[in-house]
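Chain letters run A, B, ... following the sequence lines, proteins first, then strands; residues in each count from 1.
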Amino acid sequence: MATPEEQLILHRQLQAKSSGVLLDRIFKGSAFSFAALVLIVLFGIMLMLFKEAWPTFAHFGFGFFASAEWDAVNNKYGAIIPIIGTLVTSLIAVVIGVPVSFGIAIFITLMAPNWMKRPVGIAIELLAAVPSIIYGMWGLFYFAPWFANSVQPIMTDTLGELPVLGQFFQGPPIGVSIFTAGVVLAIMIIPFIASVMRDMFEIVPTTLKESAYAMGSTTWEVVWKVILPYTKAGVVGGIILGLGRAMGETMAVAFVVGNSLELNTGLFYPGATIASTMANEFNEASGLHMSSLIALGLILFIITFLVLSIAKWFLMILERAHQGTST
Amino acid sequence: MTKYQVRKIVNFINLSASILVTLFGLVMLAWILSVLFGKGFQYINWAVFTQMTPPPGANGGLLNAIVGTLGLTVLAVLIGTPIGVMAGTYLAEFGMKGTFSNVVRFINDVLLSAPSIVVGVFVYTLVVEPSGHFSGWAGAIALSILVIPVVVRTTEDMLKLVPTPMREAAAALGAPRYKVTISIVYKAALSGMITGVLLATARIMGETAPLLFTALNNQFWSVDMNQPMANMPVVIYQYALSPYEDWQNLAWAAALLITISVLLMNILARYTLKSPTSR
């Protein structure tokens, strides 16, 4: 039988332990509920946007997705022009951004001398840190006029003469256009894609590269035939991630796209994207107009959700493949 | 020409192209920064920091916008950080492999890249519309939703870098789980977690789109969180697109200030980052 002193000590120990258990439960429980909050936010966004967009869907039905009419005076709204604008500007951004990012990633991982790698990498990453509204101002006041005066006429005179393709390179030389927006977006997504590609290229085992060099490959052949196949899924994932960013970008596009809701085949005409339309028209919107803008937001969210899911899926494939080879 | 020569030429062309596109990226950065400094620096003066945003044609500064941006940013970080840290803790310490954790991770990544304007509209429908007016609170909530995924991600990554034997050693001494996490794991991962918060701060400082739908703008001095609140990004947006030259000049000054702050935050984040195992 334990002495009273010993019993007291035992009792205290048990007490300490049980309060620890209780606090443990509270800690774990709150950690869990905040993790759940992340899910709730996403579903909240979906739910609230759908609820607010419902009047528009109820009023126009599927016509909302098919109509090219956006007329606030007569309260008629159709989403097709901003949707096309979003897709086309992001596509231009990816077409320009991917080769440039690829080159930058090659330069940093394979070509740059060691003292140069870090500063160049940091400089490119700073490009990602510049707020999007700054791109907008620079794009509107400096890039667009320069582009309209120096590049666009040359493109219209050469590419614009091509059969079929020529119609895409037409438009007034005012600088603000779908194409300008695409180029500015390209510059904005380059740092993201380049950094994903660089990370991917760095995980390629050195022995693999060395054996290719030992076989007499040129650096380009190592890139094209060894590194790229090895990192394919991750590179595709990174590109799609960049595409997702380009689609949701708002401020830079709102400055340089021209905000015109008319359909033109020429890429040098002013246009609009989903995000730019929302930012631009929100101030004077109410009722059905507001509901239509929120419906646009819902469409944008769903599109980027799908795009990001695909990107994640590709990145997961790469991860699995590497787990497979390492075990 | 032999096949060998062709291969060498292809190699040369493609590698030269890599150098050229890298130069292109650097030139763009230099162009943007030089425009910012060239245009913005000359309009930064004492009045910018001491006077309110003016009506067109009058003298004025950015005082209310600077204070508003600082207030909104600090508040958003204060709301978002604990939520993000706790959610990240759950992912790293409690539910490493479960389906729930995987879903949260995926959703968190979606939120990380979600268009910020959609977050703005969400808070508009959640806070602004029911209350009937734009407010600083709504702005702070919208920004905090952008803070959370960044903090969740970095917290989880940093906690995972803390070696398990450290946790086991603490647990073997009889420390309960919460104590192990707070006094041992957090301490080891602190610099990385601070990096995450700094990156999140840098991200929201220049955000404009969500504020258009929430805090909007205020021409006057106001620290009332229930009222529309002046902030630099929206001031830049409205003033830059206005036809008045003095407004545009103020927009350039604001653009320079905000970019310098964001870049400093990023550089600071880079320097605070230390591996949790290096201590």
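- When heavy atoms are compared at a cutoff of 4.5 Å, B:Tyr4 does not approach chain A at all.
- Ranked by heavy-atom pairs under 4.5 Å with chain B, the first of A:Ser101, A:Ala123, A:Gly297 is A:Ala123.
- A distance below 6.0 Å separates the ring centres of B:Phe213 and A:Phe282.
- For residues 186-197 of chain A, the interface with chain B (any heavy-atom pair closer than 4.5 Å) comprises A:Ile187, A:Ile190, sorted by residue number.
- Contacts between B:Ala251 and chain A at a heavy-atom distance below 4.5 Å involve backbone atoms as well as side-chain atoms.
- Heavy-atom pairs under 4.5 Å with chain B were tallied for A:Gly136, A:Ser132, A:Gly244, A:Ser309; the largest tally goes to A:Ser309.
- For the atom pair CG of B:Leu256 and CG of B:Leu36, the computed distance is 6.0 Å after rounding to the nearest 0.5 Å.
- When heavy atoms are compared at a cutoff of 4.5 Å, B:Tyr239 does not approach chain A at all.
- No other option in B:Ile107, B:Ile258, B:Val119, B:Ile13 has as many heavy-atom pairs under 4.5 Å with chain A as B:Ile107.
- Heavy atoms closer than 4.5 Å to chain A are found in both the backbone and the side chain of B:Leu212.
- Put simply, of B:Ile117, B:Leu33, B:Asp109, the one with the most heavy-atom pairs under 4.5 Å next to chain A is B:Ile117.
- In this structure, the side chains of B:Leu146 and B:Glu207 come closer than 4.5 Å at one or more pairs of heavy atoms.
- Pairing each heavy atom of B:Thr155 with each of B:Val85, the nearest pair is CG2-O, 3.8 Å.
- Closest non-hydrogen pair, B:Gly120 versus B:Thr214, comes out as O-CG2, 3.9 Å.
- Your options are B:Lys8, B:Met205, B:Glu93, B:Gln248, and the one with the most heavy-atom pairs under 4.5 Å with chain A is B:Gln248.
- For B:Asn266 against A:Ala129, the heavy-atom pair with the smallest separation is ND2-CB, 3.2 Å.
- The environment of A:Glu284 atom CD is dense: over 12 non-hydrogen atoms of other residues, nucleotides or ligands sit within 6.0 angstrom.
- Interface remark: B:Val110 contributes backbone and side-chain atoms alike to the contact with chain A (heavy atom separation under 4.5 Å).
- Under 3.5 Å, the side chains of B:Asn108 and B:Arg105 contain no donor-acceptor pair of N or O atoms.
- For a residue to count as touching a neighbouring chain, one of its non-hydrogen atoms must lie under 4.5 Å from one of that chain's; by this rule A:Met137 touches chain B with backbone and side chain alike.
- With a 4.5 angstrom heavy-atom cutoff, A:Lys28 touches chain B via backbone and side-chain atoms both.
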Test log, rule side-chain contact (heavy atoms from CB on, under 4.5 Å), inputs A:Arg198 and A:Phe107
CA-CA 9 Å; A:Arg198 193 188 63 186; A:Phe107 179 79; over 6 Å; no

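- Heavy atoms closer than 4.5 Å to chain A are found nowhere in B:Leu199, neither backbone nor side chain.
- The contact between A:Met290 and chain B is made entirely by side chain atoms (from C-beta outward), counting heavy-atom distances below 4.5 Å.
- By number of non-hydrogen pairs under 4.5 angstrom with chain A, the leading residue of B:Gly206, B:Gly88, B:Pro176 is B:Pro176.
- Between A:Leu185 and A:Ser90, the closest heavy-atom pair is CD1-N, 4.5 Å.
- With chain B as the partner, the residue from A:Leu296, A:Thr218, A:Leu298 showing the most heavy-atom pairs under 4.5 Å is A:Thr218.
- In this structure, A:Ser276 and A:Thr273 have side chains that are in contact, with non-hydrogen atoms separated by less than 4.5 Å.
- Neither the backbone nor the side chain of B:Ser101 comes within contact range of chain A, judged by heavy atoms closer than 4.5 Å.
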Does A:Phe143 form a ring-ring contact (aromatic ring centres under 6.0 Å, His included) with A:Tyr135? I'd like the steps, not just the answer.
CA-CA 9 Å; A:Phe143 181 77; A:Tyr135 280 96; over 10 Å; no

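- Contacts of B:Val35 with chain A are made by side-chain atoms alone, with heavy-atom separations under 4.5 Å and no backbone atom involved.
- Between chain B and the residues A:Leu241, A:Val130, A:Leu126, the largest count of heavy-atom pairs under 4.5 Å involves A:Leu126.
- With chain A as partner, the option from B:Phe106, B:Tyr237, B:Tyr90, B:Phe100 having the largest number of non-hydrogen pairs under 4.5 angstrom is B:Tyr90.
- Interface remark: A:Met111 contributes side-chain atoms only to the contact with chain B (heavy atom separation under 4.5 Å).
- Residues B:Asn217 and B:Pro228 form no side-chain contact, since every pair of their non-hydrogen atoms from C-beta on lies 4.5 Å or further apart.
- Side-chain contact between B:Ile184 and B:Arg167: absent, with no pair of heavy atoms (C-beta onward) separated by less than 4.5 Å.
- Both the backbone and the side chain of A:Thr219 have a heavy atom closer than 4.5 Å to some heavy atom of chain B.
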Let me have the donor-acceptor pairs involving side chains of residues 16-31 of chain B, under 3.5 Å, with sequence neighbours excluded, atom names and distances please.
{"unit_1": "B:Ser16", "atom_1": "OG", "unit_2": "B:Phe12", "atom_2": "O", "d": "2.5"}
{"unit_1": "B:Ser18", "atom_1": "OG", "unit_2": "B:Asn14", "atom_2": "O", "d": "3.2"}
{"unit_1": "B:Thr22", "atom_1": "OG1", "unit_2": "B:Ser18", "atom_2": "O", "d": "2.8"}

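- Counting only distance, with no hydrogens or angles, the side chain of A:Glu281 and the backbone of A:Met278 share no donor-acceptor pair below 3.5 Å.
- Contacts of A:Glu125 with chain B are made by side-chain atoms alone, with heavy-atom separations under 4.5 Å and no backbone atom involved.
- Using a 4.5 Å cut-off between heavy atoms, B:Leu216 contacts chain A through its side chain alone, with no backbone atom that close.
- Two residues are said to be in side-chain contact when any heavy atoms from C-beta on lie closer than 4.5 Å; A:Ile303 and A:Thr86 fail this criterion.
- Looking at B:Leu91, there are no atoms closer than 4.5 Å to chain A (heavy atoms on both sides), in backbone or side chain.
- Considering only heavy-atom pairs separated by less than 4.5 Å from chain A, the leading option among B:Val180, B:Thr89, B:Leu111 is B:Leu111.
- In summary, the aromatic rings of A:Phe50 and A:Trp54 are positioned with their centroids under 6.0 Å apart.
- Both the backbone and the side chain of B:Ala209 have a heavy atom closer than 4.5 Å to some heavy atom of chain A.
- No other option in A:Ile106, A:Val120, A:Leu140, A:Ile134 has as many heavy-atom pairs under 4.5 Å with chain B as A:Ile134.
- Ranked by non-hydrogen atom pairs under 4.5 Å with chain B, the options A:Ile45, A:Ile274, A:Leu42 are led by A:Ile45.
- Atom-to-atom distance recorded for A:Ser291:OG and A:Glu52:CD is 7.5 Å, nearest 0.5 angstrom.
- When heavy atoms are compared at a cutoff of 4.5 Å, A:Trp146 approaches chain B solely by way of its side chain, counted from C-beta outward.
- Using a 30° and 60° split on the angle between ring planes, A:Phe102 and A:Phe201 fall in the perpendicular class, above 60°.
- Residue contact with chain B, scored on non-hydrogen atoms closer than 4.5 Å, involves the side chain of A:Leu37 exclusively.
- Two residues are said to be in side-chain contact when any heavy atoms from C-beta on lie closer than 4.5 Å; B:Met86 and A:Phe32 fail this criterion.
- Neither the backbone nor the side chain of A:Ala112 comes within less than 4.5 Å of any heavy atom in chain B.
- With a 4.5 Å cut-off on side-chain heavy atoms, A:Phe255 and B:Leu241 count as touching.
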